[in-house]
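All remarks here apply to the structure that follows.
As the structure is a computational prediction, the values presented were derived from the model and not from experiment.
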There are 2 protein chains.
Amino acid sequence: MLQEPDRTGPPVRTSVWLDGRPVARTRRTDRTDHPSGLDRDRITAVSLRLLDAEGPGKFSMRRLAAELGVTAMSLYWYVDTKDDLLELALDAVFAEIEVPVAEGAETDEETDWREQLLELAARYRAVLVRHPWASPLIGKYLNVGPRSMDFSAAVKAIVARTGLSPRGQMGAIAAVFQFVYGFSTVEGHFVQRCAEAGLGQDAYFRHAMGAIGEQPRLAGAFAGVEETRELRGGGTVEEMRERDFTFALDLLVAGIETMRAREEESEAGEGPERS
Amino acid sequence: MLQEPDRTGPPVRTSVWLDGRPVARTRRTDRTDHPSGLDRDRITAVSLRLLDAEGPGKFSMRRLAAELGVTAMSLYWYVDTKDDLLELALDAVFAEIEVPVAEGAETDEETDWREQLLELAARYRAVLVRHPWASPLIGKYLNVGPRSMDFSAAVKAIVARTGLSPRGQMGAIAAVFQFVYGFSTVEGHFVQRCAEAGLGQDAYFRHAMGAIGEQPRLAGAFAGVEETRELRGGGTVEEMRERDFTFALDLLVAGIETMRAREEESEAGEGPERS
DNA sequence: ACCTGAACACCGTTCAAGT
DNA sequence: ACCTGAACACCGTTCAAGT
């Protein structure tokens, strides 16, 4: 069915976590084993700091090495490629998302899944906005690092309690978390742009709107934007965005509830179903 | 309130469409005016072709210039920076999304907004998957090119007919189209990865799953994945993804309907509201 | 008005060599 | 086992110069 001859060609590289060199390389007796005090954890931590501070555009193997007091080539002892490094940094970002419960599904009956879902979505958003460079990487890599997996597990555990069927759960997960991903990606980049321009979000927004107004070609659309802005109840850019995010999540929760009710109906109507 | 001294520092660069040189530079008498037959449209078209064919990683000013039979520096006559070029290519991508109606809101009563929303979402997704390099750019730039604006206008027009309040409309737009954006971004990258690895989507998926299974650390999560896969009804990777996308959109439509009903209720309960 | 060559200050990565 | 120097094949962009 597929043109894959089982075992041919070069091995497919999927992820540091899967095809990479065994992680154990870092942890020998103690870290003073390494002349420069280098190990994967330190390299990852400094990468994350640099990416936050200077942006992905200025992040290079040479820059990172300089920060670590070492030549660029030393890094290749710990990592096969720059992409590996970015995957490590990305997984470290996921570590910042506190997940509600580790494993035990005991206290689940206590707290509402709605509450937990909103909470986790808010945390995911906060992390993506705090590290805008991470969003493109989430799209790029497989996200199978331990921290990413913990996050996925938490998401699944919460959505499992909605009462949706398994395939409904998958759809709901996609709806909620791809939304948060898309929303936060755009938000994070905008925040970053403002910071780079040295403007506040409202000032930047006004500047862009002003520039649009000057373009005769876009004047019509500009009027639409202004009008919409007023209708939305005004306020700062951040207030408007906050309202949009909250409304969208409420909408998604309402959607989940409705889909669940529909599944129940069709179950009752069709009699006992298999599986 | 904001530390913006009204007029200071270097002018803020927002977008080719706003701060860029006037577009007119391209169209003089006829295009044979230009010795090399170069103009913005041709440069944009070739950029798009190269980005599709070779990926964003291999796309450079030098590579593009070579394709156009010209030195890299010639391009800077038409464009201030590589980012400008990418913004132009991105807007060209939006041109591929056919929007239902141009302006006239006449036949609106005829077709259901649900139908139109699903249709537009599907087209948006198709375009993002066809041009995976475009997704990160949507996050990066302001998207105020004429084609992007046409798309936004179409989105707004459709959602306006849901009966939601203006701020509800904004939230609904965010929920639906940020979801499609997130979903399609991940999908597009995955498709691209498979193509690069020379594997089909199922083969790549199986390869990755196999690698996960070999990692003792991730074995637990792996079991979860396999289990989920079965519960979801199996089928190919593409079939499962298709089901997720459809379910999520149904969920979103249901959510819109519910939110609208709630708005109606609270309006009736509170009596006439201002605005 | 449009295009070029040379140059600047960078990249990621390889490879043989050092300790 | 860990780190380095030199080198390769690239980048985006500037700037003075050509036609």
- Query: Quick one: is C/dC2 close enough that its OP1 or OP2 comes under 4.0 Å of any side-chain N or O from B/Trp77?
  - Reply: yes

- Per atom distances to the A/Met73 side chain, the nearest of D/dT14, D/dA6, C/dC3 is D/dA6

- Query: Roughly, in whole Å, what's the span from CG in B/Asp83 to C1' in D/dC11?
  - Reply: 14 Å

- Task: Kindly say whether A/Val127 contributes a backbone atom to a donor-acceptor pair with the side chain of A/His131 at under 3.5 angstrom?
- Result: no

- Query: Rounded to the Å, how far apart are A/Asp39 CG and D/dC3 P?
  - Reply: 10 Å

- Task: Decide, yes or no, whether a salt bridge links A/Arg13 with A/Asp84 under the criterion of side-chain N to carboxylate O below 4.0 Å.
- Result: yes

- Task: Would you check if the side chain of A/Glu87 reaches a backbone N or O of A/Val16 as a donor-acceptor pair within less than 3.5 Å?
- Result: yes

- Whole-Å gap separating C1' (C/dC11) and NZ (A/Lys58): 14 Å

- Query: Nearest-Å distance, CG (A/Asp80) to P (C/dG12)?
  - Reply: 15 Å

- Dot-bracket assigned to DNA chain C with the 3.5 Å Watson-Crick/G-U criterion, [ ] for crossing and | for other-strand pairs, is ||.|||||...|||||.||

- Task: Write down the distance between NZ (B/Lys82) and P (D/dT14), rounded to a whole number of angstrom.
- Result: 14 Å

- Residue A/Tyr78, side-chain heavy atoms: nucleotide from C/dT4, D/dT14, D/dC2 that is nearest: D/dC2

- Task: Step by step, work out the salt bridge (Lys or Arg N to Asp or Glu O under 4.0 Å) result for A/Lys58 and A/Glu67.
- Result: CA-CA 13 Å; A/Lys58 302 204 154 186; A/Glu67 194 72 12; over 6 Å; no

- Can you tell me if the side-chain N/O atoms of A/Ser74 get under 4.0 Å from OP1 or OP2 in D/dC2? no

- B/Val144 backbone acceptor or donor facing B/Ser148 side chain under 3.5 Å: no

- Counting only non-hydrogen atoms, which of residues 60-72 of chain A are less than 4.0 Å from DNA chain D? A/Arg62, A/Val70, A/Thr71

- Message: Measure CZ/A/Phe59 against P/C/dC10 and give the value in whole Å, please.
- Response: 17 Å

- Item | Among A/Val79, A/Leu85, A/Leu86, A/Asp52, side-chain contact (heavy atoms from CB on, under 4.5 Å) partner for A/Ser47 | A/Leu85

- Query: Of all the choices, C/dG12, C/dC2, D/dT14, which nucleotide is nearest to the side chain of A/Tyr76 once you look at every atom?
  - Reply: C/dG12

- Message: I'd like the P distance from D/dA9 over to C/dA9, given in whole Å.
- Response: 23 Å

- Check: B/Phe205 ring centroid to B/Phe190 ring centroid under 6.0 Å: no

- Message: Using every non-hydrogen atom in the two residues, find where A/Tyr181 and A/Ser135 come nearest and quote the distance to one decimal.
- Response: OH-O, 3.0 Å

- Determine yes or no for a side-chain-to-main-chain donor-acceptor pair under 3.5 angstrom, with A/Arg147 supplying the side chain and A/Val93 the backbone. no

- Return the value, rounded to whole Å, for the distance between atom CG of A/Leu75 and atom C1' of C/dC11. 14 Å

